[in-house]
Amino acid sequence: MARTIRVRGFATARTALGGGPRELPAPPEGLRLGRLLEALVDECPGLGPLLPSCRIFLNEQLTRSKETRVRPGDEITLHPPYSGG
Amino acid sequence: MLHRLTGRPLAVATAYRALEWEGAGAVVLFAGRVRPDATRRGRVEALEYEADRRPGLRSFQAIARTASERYPGVRLLLWHRTGVVPVGQIAVIVGAAAPHRSAAFAAARFAIERLKRRSPIWKSDRVRPGRRPRPRRRRPAGPSTG
């Protein structure tokens, strides 16, 4: 059974995460998204200035509340501002 | 196929065939190409695109859905390259087919503007280092297409 939460980033967010996905330990009951992001910035300080402009997806669904509960086995994806076209 | 994120080259003629239908009195196609912009680091040789694939395709579907509500009778095509796209090649094609030209033009414009803002696609430039370009009064914000 998963004990971690996977975090993926694209473009500048991937660079700030160290170049690839990260696995963060999580308690079985999960934790608040806001708390998870704080732990992430502690590990990857370069992410701090980027986060306010990122869209955050939980299991491919856009989430806007830092109160959202994230559980082991979940995946968080960080989208910096888009630049397609 | 009307929605694509692909590492393969995009062709306008193929897009036209995918889009046309008997009742379409108007077909508008927009192709965004990679420009050889001068940057502080050198001249752009290519743009590299990455996309979050499934959310990206879902965003294309949402754009098409909204366009069909705003412009009834319009069929929309959204194709975007991923990977390295050299200068001169097409990075994005947006097309709209409708009974009349006003809806086709409006829907195509709506779709490309929304794709740029809402589709999870990112680009970075690949430059050939060279002489620093002479300063210009107005420089584009960054390497881009269309």
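Proteins get letters first, then strands, A, B, ... in listed order; numbering begins at 1 in each. Computed from a predicted structure; not experimentally measured.
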Colleague: Please determine whether the number of non-hydrogen atoms from other residues, nucleotides or ligands lying under 6.0 Å from atom CZ of A/R32 exceeds 12.
Modeller: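 Counting neighbours around CZ of A/R32, more than 12 heavy atoms of other residues, nucleotides or ligands fall under 6.0 Å, so yes.
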Colleague: Heavy-atom distances under 4.5 Å only: say whether B/R58 touches chain A with side chain, backbone, both or neither.
Modeller: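 Answer is side chain: those atoms of B/R58 sit under 4.5 Å from chain A.
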Colleague: Name the residue from A/R55, A/R8, A/R14 that meets the salt bridge (Lys or Arg N to Asp or Glu O under 4.0 Å) definition with B/D52.
Modeller: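 Per the salt bridge (Lys or Arg N to Asp or Glu O under 4.0 Å) rule, the option paired with B/D52 is A/R8, out of A/R55, A/R8, A/R14.
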Colleague: For A/T12, is it the side chain, the backbone, both, or neither that has a heavy atom closer than 4.5 Å to a heavy atom of chain B?
Modeller: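 For A/T12, no heavy atom lies under 4.5 Å from chain B.
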Colleague: Same cluster or not: are B/L77 and B/L5 linked, directly or through other Ile, Leu, Val, Met, Phe, Trp or Tyr residues, by side-chain heavy atoms under 4.5 angstrom apart?
Modeller: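 No, no single cluster joins them.
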Colleague: Ignoring hydrogens and geometry, is there a side-chain-to-backbone donor-acceptor pair from B/E50 to A/A11 under 3.5 Å?
Modeller: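 Judged by distance alone, yes, a pair lies under 3.5 Å.
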Colleague: Are there over 12 heavy-atom neighbours, none belonging to A/R69, within less than 6.0 Å of that residue's CZ?
Modeller: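 Yes, because the 6.0 Å sphere around CZ of A/R69 holds more than 12 heavy atoms from other groups.
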Colleague: Quick one: closest heavy-atom pair of B/P120 and A/H79, and the distance?
Modeller: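 Result for this residue pair: CB-CE1, 3.4 Å.
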Colleague: Looking at B/K116 and A/S83, would you say the former's side chain and the latter's main chain have a donor-acceptor pair under 3.5 Å?
Modeller: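 Looks like no, no N/O pair under 3.5 Å.
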Colleague: Which atoms of A/P81 come close to chain B, meaning under 4.5 Å heavy atom to heavy atom: side chain ones, backbone ones, both, or neither?
Modeller: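 When you check distances to chain B, only backbone atoms of A/P81 fall under 4.5 Å.
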Colleague: How about B/R118: does its CZ atom have over 12 heavy atoms from other parts shown lying under 6.0 Å from it?
Modeller: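 At most 12 heavy atoms, drawn from other residues, nucleotides or ligands, come within 6.0 Å of this atom.
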Colleague: Could you check whether any side-chain N or O of B/H80 sits under 3.5 Å from a backbone N or O of A/G85, counting only pairs where one atom can act as donor and the other as acceptor?
Modeller: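 Between the backbone of A/G85 and the side chain of B/H80 there is a qualifying donor-acceptor contact (under 3.5 Å).
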Colleague: Do the rings of B/W122 and A/F10 sit parallel, tilted or perpendicular, given the 30° and 60° boundaries?
Modeller: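 Correct class here is parallel.
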